[in-house]
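Take a look at the structure below.
Heavy atoms only: backbone and side chains are in, while hydrogens, waters and symmetry mates are out.
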Amino acid sequence: MLSVIAFSCEDDFLDKYPEDQLSSATFWTDEKDAKASLISVYDALQPPTNKNPYLGCASWASLGVLADITPIGFERQSHRLRPVGDGVHSGSNIYLSTAWTLGYRGIVRANDFLTHIDEIEFSGSNTDQVKNAMKGEAMFLRAMNYYWLVELFGDVPIFTQVPTVDDAATPRSPKSEVLKLIKEDLAFAVTNLPRRADSEIGRATKGAAMALQVKTALYEGDWETAASVSEAIMELGDYDLVPDYGDVISLENENNEEVIFGVQHIFMNDAEPGSYVEKLYANASCASGGWSFIQPTLWFVDQFERIVQNPQEGIDYVNEGGLNSSGEPKIPNEIYEYFEGRDPRMDHTILRPGSHFIDLNDNDIVYPHELNGPNHSFTGLHMRKYVIPGSGKSISWDGPLDYIIFRYADILLCHAEAVAMRDGIGNVSQEVLDKTINKVRARASELLPKYTTGNITMDDIYRERICELGFEGWTYFDMKRSGMIEINNGYQVQGLKVIANETIEFNPDGIGNVRIFNPSVHYLWPIPSDEIQKSSNALVQNPGYPQ
């Protein structure tokens with residue numbers, strides 16, 4: 001835990017008051033200090049600002065990179081998350097240690113706020129109500145970070161005060177106790193947080209706290225709570241689906257009616273960090289100069305249903321790839337036919353052969369041969385979701401696009417899953433199907449068939465979550481909950497081979513290592529080795545990993 005304290009103090013805000021009596025006496029003096037402290041708890045959700053990809057990739061604001069641990073994504077760099085996906089990771093992995101540290105950074109800041117808030121006298125009327133709402137924000141954010149840690153590591157140390165050096169040897173608490181604290185925090189938050197219409201944009205709301213209640217209940221397998229709370233969110237009337245799926249994650253439509261909670265980013269502002277999620281997802285033709293860090297796989301493509309069977313050139317699509325040096329199409333028709341006619345959410349999520357993209361010079365280019373660095377993707381595919389097209393709207397290391405944590409479509413699908421698990425998949429009523437999974441599918445395309453009672457499986461619900469929420473960060477947790485993650489045992493990434501300016505073909509060879517998933521070990525990550533060492537072995541390692 002020493003690293004938690006040290007890491008927290010790297011931030012400018014916490015540098016103002018090291019945790020001792022003198023700094024507490026000088027900082028915690030008025031309402032302005034309390035508000036600044038609460039903002040710092042939100043700031044802990046952001047990637048660190050020192051341009052270190054190890055740190056940034058492990059934050060809530062880049063949750064989508066966890067796709068690399070599932071069959072939907074592949075990481076270009078071999079030494080960060082890919083070892084986790086391959087099942088060869090250990091407690092020395094820097095991504096894992098950073099995920100642990102960032103989680104506790106948010107907890108430390110929330111605890112600091114909650115420790116001191118009652119010492120401050122607020123002006124005006126309804127001061128108790130104002131303070132309770134602020135406490136609700138801090139408790140929601142603390143619960144978010146404990147949820148993150150429990151999902152990844154299982155049992156973890158509990159701190160409800162700011163830890164000191166003497167707390168370095170605090171042992172892990174059973175996850176049941178951590179979940180109890182999460183639920184207590186969220187109960188307070190739901191009671192005291194304002195509704196969406198009465199809240200400042202970007203702050204926690206009653207709906208956000210309820211959304212985390214749903215996620216926590218799903219994690220526990222408490223289907224009744226997950227079903228009832230998700231239905232209560234639907235009945236609030238505060239949220240709705242954006243009519244066009246492509247407008248959900250869009251710079252021109254941020255904080256729309258579908259967003260329940262997200263991490264806010266400010267572009268080109270020295271006082272606040274922008275987002276570099278785009279740097280992780282984007283290609284080299286983007287203004288952000290992207291790395292193609294995370295890449296889609298053909299397994300992901302296969303999850304999207306065909307709504308046009310046997311698509312034909314000139315009828316269902318036009319081959320715009322041009323001809324190569326041999327006079328043959330640069331994009332063979334068999335490649336087009338594989339991608340064409342699928343659920344349109346695929347094309348809103350990825351760049352595939354034949355995709356159009358507006359590059360950093362505002363040119364309309366066709367992927368892959370007009371793209372800079374098409375071979376940067378080992379799978380032959382690139383990301384579109386969370387990538388800002390065109391010039392001037394983002395730059396390397398800095399982008400304005402907020403990262404969405406909870407959105408309404410997710411809650412609708414959570415409700416469908418919870419009811420199906422509670423009542424049995426064959427007993428889900430048509431009413432429930434129509435207001436959840438069918439509503440989400442209808443937004444995607446009117447050509448996607450509706451599910452009917454008795455004609456739906458749990459696999460259908462989980463596949464819908466993959467198509468709707470792909471690369472938004474929830475697929476890993478979903479696949480763990482459903483057991484689908486176990487297909488990673490022996491799975492090998494499949495993709496395309498791009499020969500620049502010549503052709504593109506299905507890659508006959510698997511990409512990267514064969515993935516290993518041992519169910520007795522890999523549902524949890526190892527406790528970081530440096531944390532175990534600093535605790536003088538008070539922290540006991542998860543089964544299957546060396547202490």
Side-chain angles (χ1 to χ4, degrees), residues 3 7 45-103 105 148-149 151-153 273 275-284 288-297 300 373 375-379 381-383 385-387 396-397 403 470-477 479-480 485 488 491-493 495 510-517 521-522 524-531 542 545:
S3 65
F7 190 91
L45 300 175
Q46 304 250 14
T49 57
N50 61 354
K51 300 184 179 181
N52 186 329
Y54 294 122
L55 302 183
C57 292
S59 70
W60 268 99
S62 54
L63 191 64
V65 300
L66 291 176
D68 179 55
I69 309 173
T70 77
I72 76 172
F74 182 74
E75 182 195 345
R76 186 165 177 249
Q77 301 295 327
S78 62
H79 55 292
R80 297 170 185 164
L81 261 178
R82 201 196 299 178
V84 184
D86 290 345
V88 295
H89 53 299
S90 69
S92 64
N93 183 293
I94 193 169
Y95 180 95
L96 309 191
S97 62
T98 304
W100 175 283
T101 300
L102 291 178
R105 181 178 73 165
W148 163 267
L149 291 168
E151 272 275 16
L152 299 178
F153 299 102
S275 167
Y276 65 77
V277 174
E278 186 186 21
K279 181 80 171 178
L280 307 178
Y281 281 3
N283 59 74
S288 64
W291 298 337
S292 304
F293 183 95
I294 294 294
Q295 306 158 11
T297 68
F300 179 62
N375 292 321
H376 290 177
S377 171
F378 289 21
T379 68
L381 305 171
H382 282 81
M383 288 297 303
K385 187 179 283 187
Y386 276 111
V387 176
S396 183
W397 296 108
Y403 193 88
F471 295 90
E472 294 180 39
W474 293 108
T475 299
Y476 176 48
F477 297 154
M479 295 189 80
K480 283 205 305 177
I485 193 66
N488 260 12
Y491 167 81
Q492 192 163 17
V493 172
I511 299 162
N513 302 316
V514 173
R515 292 183 166 178
I516 302 167
F517 189 90
V521 176
H522 292 142
L524 294 176
W525 289 359
I527 304 301
S529 302
D530 54 352
E531 299 295 339
N542 279 322
Y545 299 103

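Listed by chain and residue number, nothing satisfies the side-chain hydrogen bond (donor to acceptor under 3.5 Å, both in side chains) test with T475 (two or more places apart in sequence, or in another chain). Among residues two or more places apart in sequence or in another chain, the side-chain hydrogen bond (donor to acceptor under 3.5 Å, both in side chains) test is passed with H376 by none. Residues that satisfy the side-chain hydrogen bond (donor to acceptor under 3.5 Å, both in side chains) test with T297, not counting sequence neighbours, are absent from this structure. The ring-ring contact (aromatic ring centres under 6.0 Å, His included) test applied to Y281 returns no partner, not counting sequence neighbours. Scanning for side-chain contact (heavy atoms from CB on, under 4.5 Å) contacts around V514 gives Q492, with sequence neighbours left out. N375 is linked by a side-chain contact (heavy atoms from CB on, under 4.5 Å) to V498, A500, counting only residues two or more places apart in sequence or in another chain. Checked against side-chain hydrogen bond (donor to acceptor under 3.5 Å, both in side chains), N542 has the following partners two or more places apart in sequence or in another chain: R172. Evaluation of the salt bridge (Lys or Arg N to Asp or Glu O under 4.0 Å) rule for E472 yields K385, R407 as partners, not counting sequence neighbours. Residues that satisfy the ring-ring contact (aromatic ring centres under 6.0 Å, His included) test with F517, not counting sequence neighbours, are H522, Y523.
The heavy-atom pair separating L96 from S90 by the smallest distance is CD1-O, 3.7 Å. Summarising the geometry of W148 relative to G103, their closest heavy-atom pair is CD1-CA, 4.2 Å, with the distance given to 0.1 Å. Taking all atoms of both residues into account, the shortest heavy-atom contact from P528 to S97 is CG-CA, 3.6 Å. The nearest pair of heavy atoms linking G473 to F477 is O-CD1, 4.3 Å.
For the pair N283 (side chain) and G373 (backbone), a donor-acceptor distance under 3.5 Å is absent. Of the possible polar contacts, one joining the N488 side chain to the I69 backbone as a donor-acceptor pair under 3.5 Å is found. Y476 contributes no side-chain N or O that, together with a main-chain N or O of I485, makes up a donor-acceptor pair within less than 3.5 Å.
Exactly one residue among S288, S396, S62 makes a side-chain hydrogen bond (donor to acceptor under 3.5 Å, both in side chains) with K279. That residue is S396.
With a 4.5 Å cut-off on side-chain heavy atoms, Y386 and F471 do not count as touching. Counting only heavy atoms from C-beta outward, the side chains of L280 and W291 approach each other to under 4.5 Å. Side-chain contact between P71 and M479 is present, with at least one heavy-atom pair separated by less than 4.5 Å. With a 4.5 Å cut-off on side-chain heavy atoms, P526 and H89 count as touching. Looking at heavy atoms from C-beta onward, Q77 lies out of side-chain contact with R82 at the 4.5 angstrom threshold. The closest side-chain heavy-atom distance from F300 to T70 is not below 4.5 Å. Using a 4.5 Å heavy-atom cutoff, the side chains of W60 and Q46 are not in contact.
E151 CD to K480 NZ: the interatomic distance, rounded to the nearest 0.5 Å, is 5.0 Å. For the atom pair CG of L102 and CG of L45, the computed distance is 10.0 Å after rounding to the nearest 0.5 Å. Atom-to-atom distance recorded for Q295:CD and I511:CD1 is 8.0 Å, nearest 0.5 angstrom.
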Checklist entry - Where do L524 and F153 land on the side chain to side chain contact (heavy atoms under 4.5 Å, CB included) test, with the steps shown first? => result CA-CA 5 Å; L524 294 176; F153 299 102; 5.9 Å; no
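For the 3.5 Å distance criterion, the side chains of T98 and T101 fail to qualify, holding no donor opposite an acceptor.
Under the salt bridge (charged side-chain N to carboxylate O under 4.0 Å, His left out) criterion, the residue pairs touching residues 61-75 are D68-R515, with sequence neighbours excluded.
Between W525 and Y95, the ring planes are perpendicular. Angles over 60° get that label, and only those under 30° would be called parallel.
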